[in-house]
Novice: 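I'd like to ask you about the structure that follows.
It should be emphasised that the depicted structure is a prediction, and the values quoted were computed from it without experimental measurement. All chains are named by letter (A, B, ...) in the order of the sequence lines, taking the proteins before the strands, and each is independently numbered beginning at 1.
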Protein chains: 2
Amino acid sequence: MAQESPTFSPLYRQIKTLILQALEAGEWRPGQAIPSEQELAARFSVSQGTVRKAIDEMAAENLLIRKQGKGTFVASHNDPRALFRFLRLVPMDGDLSHPQSVPLDCWRAKAGQEASRMLGIELGAPIIIVRRLLRFAQKPVVVDEIYLPGDVFPGLSFEALQDWNGSLYSLFETRFGLRMIRAQERIRAVAADRSTSEALKVPEGTPLLSVERVTYTYGDKPVEWRRGLYSTAEHFYLNELN
Amino acid sequence: MAQESPTFSPLYRQIKTLILQALEAGEWRPGQAIPSEQELAARFSVSQGTVRKAIDEMAAENLLIRKQGKGTFVASHNDPRALFRFLRLVPMDGDLSHPQSVPLDCWRAKAGQEASRMLGIELGAPIIIVRRLLRFAQKPVVVDEIYLPGDVFPGLSFEALQDWNGSLYSLFETRFGLRMIRAQERIRAVAADRSTSEALKVPEGTPLLSVERVTYTYGDKPVEWRRGLYSTAEHFYLNELN
DNA sequence: AAGTGGTCTAGACCACGTC
DNA sequence: ACGTGGTCTAGACCACTTT
């Protein structure tokens, strides 16, 4: 039998798309509550159960956060719980202190082969490169080199980075309205080169984790490419396999 | 106000526990279909929707697999799609060939400090240690050293490992009725020692990924502890952050 | 045609947080 | 007391697979 509707999409997915579009358009800001399920059901002329299923999926994707008795909220990187969603590094001695981000450098350049491919932008398009150090309990543990599309981050400067107390993604969200949704990391083992060994205060040649990350915002659009070098003398990368 | 029921558990979670127990007791084997939602609803005297919600959660946890029109099936490591659920290593050139497992050694020992802590067994309890090589397209990429509680794997031998064509977890499931449910990996960067460098055919001192994994079966019981050394010259560890 | 999981609805009631 | 999300039910209908 021929399929009647090869592009069949259940109602709750269509509702999900509509909510997603409202989210993307900035109708509700990160951290704020979205309308109640009843209100959304009325707005879209469907039952509450259908709205519920749409929100369920979005909550599972960390786009929304449900709080019984209070409402449903737009997920935000300002929420401290969101920090370790993307940073999987854990101290071996179980110390739970928050890491400190120290900007080292920030300059503008043109996208080369690799950056243009990873960020999905044209060769030679303006980009911003940030180097920064991550410290746990004052000890340097990670050196990051971060590549950003220039047109998405207008006015990003070294001073702006220094002035910000919080995570980078928190800054991106607050200053540029850009929400990081998901990321993909490619991990390899490499030997520390000269400049890295100095920054991390380890001997040259020390094995380090090389963590390359591409981060996506709404619509699976890549907006960050970074390479981090992790010292694993006193920390490890923790991954849960389900 | 004092909470009326501090141990409140919704009905669908109780149903989930009952299905879990049936699964654990081996009432339905891996790969087989479980009863239909209607049958389970009748068996537990609840509505189909409640059973559905219980199964939904278990499907999200990769314990069950739903197939529209056919039924709901017990997840199995014999399913080839399950292989890369725990093995996150990907060739850099996108070659999708399946890895080949080559057993190197298998012997019995008594649990030391670390093994007893990781496996949750007594110091000196019998364990089995397996060393094996993983090859992608004939090239050696991973050396694993695997620690197993002896009483859970009676009769496991080097010959049994050699005779098996398939993944280790597939063997464990088929031969010992042990289903691996979830795992936790701790990743660090280390330098290749003498014996590892020979097995992986890389120079001594080459940076390698050290991947320590604890694997759990039903009831969060640890039943495997392994340490893998990954050569990342032509492969990388891929991790999706959602 | 029959059986399975998947969707959608409408209504009742519960648990939680706030006023 | 009220509004929110969370649970549970019962029934109708849809999509997919097999007989």
Novice: In whole angstrom, give the distance that lies between atom NZ of B/Lys70 and atom P of D/dT17.
Specialist: 8 Å
Novice: Please give, in whole Å, the distance from D/dG5 P to A/Asp56 CG?
Specialist: 12 Å
Novice: Look at the side-chain N and O atoms of A/Ser36 and state whether any lies under 4.0 Å from the OP1 or OP2 oxygen of D/dT4.
Specialist: yes
Novice: Roughly, in whole Å, what's the span from CD in A/Gln68 to P in D/dT4?
Specialist: 14 Å
Novice: In whole angstrom, give the distance that lies between atom CG of B/Leu11 and atom C1' of D/dG6.
Specialist: 13 Å
Novice: Just N and O in the side chain of A/Arg52: are any of them under 4.0 Å from OP1 or OP2 of D/dG6?
Specialist: yes
Novice: What I'd like to find out is whether the side chain of B/Phe86 reaches to under 4.5 Å of the side chain of B/Arg213, using heavy atoms alone.
Specialist: yes
Novice: Heavy-atom nearest nucleotide on DNA chain D for A/Gly69 versus A/Arg66: which residue maps closer to 5'?
Specialist: A/Gly69
Novice: For A/Glu122, does the CD atom have more than 12 heavy-atom neighbours from other residues, nucleotides or ligands under 6.0 Å away?
Specialist: no
Novice: Whole-Å distance between C/dC8 P and A/Phe44 CZ?
Specialist: 14 Å
Novice: Find the distance A/Gln38:CD to D/dG5:P and express it as a whole number of Å.
Specialist: 9 Å
Novice: Quick check: on DNA chain C, is the nucleotide nearest A/Gln48 upstream (toward 5') of the one nearest B/Thr72, or the reverse? Name the residue that is more 5'.
Specialist: B/Thr72
Novice: B/Arg188 side chain to A/Thr232 main-chain N or O, any donor-acceptor pair under 3.5 Å?
Specialist: yes
Novice: If the plane angle is over 60° it's perpendicular, under 30° parallel, otherwise tilted; pick one for B/Tyr230 and B/Tyr237.
Specialist: tilted
Novice: Given atom OH of B/Tyr12 and atom P of C/dA15, what is their separation to the nearest angstrom?
Specialist: 14 Å
Novice: Would B/Lys221 and B/Glu24 pass as an ion pair if we require N to O under 4.0 Å?
Specialist: no
Novice: Nearest nucleotide by nearest heavy atom, which residue falls closer to the 5' end of DNA chain C, A/Val51 or B/Glu39?
Specialist: B/Glu39
Novice: If I take atom CD1 in residue B/Ile15 and atom C1' in nucleotide D/dT7, what distance separates them, rounded to the nearest angstrom?
Specialist: 13 Å
Novice: Among C/dC8, D/dA10, C/dT9, which nucleotide has an atom closest to any side-chain atom of A/Pro10?
Specialist: C/dC8
